[in-house]
Amino acid sequence: MPTEIKGLNEECGVFGVWGHEDAAHLTYYGLHSLQHRGQEGAGIIATDGEQLRLEKGLGLITEVFEEKQFDRLEGHGAIGHVRYATQGGGGYDNVQPLVFRSQTGSLALAHNGNLVNAHALKHQLEAQGSILQTTSDTEVVAHLIKRSGHLPLKERIMQALAMLKGAYAFVMMTEEKLFVALDPKGLRPLSIGKLGDAYVVSSETCALDVVGAEYIREVDPGELITIDKDGLHSDRFSEPLQRTLCSMEYVYFSRPDSNLDGVNVHSARKRMGKELAKEAPIEADVVTGVPDSSISAAIGFAEQSGIPYELGLIKNRYVGRTFIQPSQELREQGVKMKLSPVRGIVEGKRVVMVDDSIVRGTTSRRIIQMLKDAGAKEVHVRIGAPPLKNPCYYGIDTSTKAELIAGHHSVEEIREMIGADSLAFLSVEGLQEAIGSPKDSLRHGQCQACFTGSYPTEIFPNTVHPYEKV
Ligand code: SF4
């Protein structure tokens, strides 16, 4: 799981089911396969048509749920969430789905992403008398929806969504309907599938596969989907804009068996490795990838360069979750515990170590040192993405600019700091080529802001990097 090693974290995964008698169990299995997107909290809320019932808690999905809880979660509709606690901070109250009950009915919300105008909206709501109970941006949306109570719910949701700026993939549910919405730029992934007559929605397609659902399509940027007893209905709350799906989903966050916007993640990563081998060739004896997310790129590098791919680094899967240990020192200890070099493979060899990113540089330095301690003659680092120079405001904890090593140092300086014999990053053009979706189509395209500094939405003067809120 990437979060355990990098200090580079996804902020959430959402999943929902409508029209299946065992909706809550399906949601549990769906969330389990989205666990890499957030490990600090999980929740499921279900409806039987009359009442919404919620179970949630802190920890992994397997720690939060026991079989007996599903006796309460009966019904044909359910939504669920796995959470990584940057935005709004940690704590039980912020674990989603959040549910808001009123005389006119209940509304449950689960959200992946980050709103760049949340701060301004919170001020506005509080000035108008709203009392916010959590520090989560999601609650802001619930209050916006509640505000114009005289309108039908769908209209109120459309009005509220039109006020939001930033990245959001929402699943929302009342006793009688499931709503699904994606921000106008489509920054976060969100797909719809079918399982018999039931509809399934998920942050990633891997979760559709796990529950046996057939992929139908992406949720369109700026689209609100309503699913109820009459089936699926689509509305637009924003005109189509150029899609800017997060590039880091391809590079690092999503599972290799997921397809994002029609592109398989493993295949895209392999192409990143191939492009990298073309852009920055090197003479070496073996290619190895830093597990797990860089294995695909390492295979691609090996294929293109003709240098054999070997398992030079092994990950120990049964080590505790270091992500709850925030200090740098503990992070570094975590790396040592989680990765081991394979001496028999690297000893006396010139090693190409393929990785997907360098965040602060401390992890890379330790891995290179481990390889050298295990006898590697040379370690050439090749990164399957451009340097991470800018923070993300859209729901990914890429650290603040001050912490990003490439925000302040040249490639040569970074090489020296991490102790590599050579270092090269993939170019922005190479990354785009590797992802391969058509550049001229409004429906496809990627955000590259953490590499280029060119943000696809307005960044408000008081926009806070999610990590700085905690
Ligand atoms: S800034 Fe980077 S991490 Fe954030 S959405 Fe854009 S590509 Fe993804």
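Below, each value reflects all heavy atoms present in this structure, side chains not excepted, and no hydrogens, waters or symmetry copies. Remember, it's 1-based here, ligands and their atoms both numbered in the order they're listed. Residue indices begin at 1 and follow the sequence shown.
When only modelled atom types and interatomic distance are considered, Tyr394 and Thr457 share a side-chain donor-acceptor pair under 3.5 Å. Remark: the Gln448 side chain and the Ser247 side chain contain no N/O donor-acceptor pair separated by less than 3.5 Å.
Residues forming a ring-ring contact (aromatic ring centres under 6.0 Å, His included) with Phe237 (at least two apart in sequence, or on another chain): none. Not counting sequence neighbours, the partners of Arg147 by the side chain to side chain donor-acceptor pair (under 3.5 Å) test are Gln128.
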Show me the side-chain donor-acceptor pairs of residues 379-386 shorter than 3.5 Å, one per line, residues at least two apart or across chains.
residue	atom	partner	partner atom	Å
His380	ND1	Ser422	OG	2.7
His380	NE2	Glu378	OE1	2.8
Arg382	NE	Ala280	O	2.9
Arg382	NH1	Ser422	OG	3.0
Arg382	NH2	Ser422	OG	3.3

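Checked for salt-bridge contact, Glu433 and Arg271 miss the test: no charged N lies under 4.0 Å from a carboxylate O.
For atom 8 (Fe) of ligand 1, the tally of protein N/O/S atoms lying closer than 2.8 Å stands at 1.
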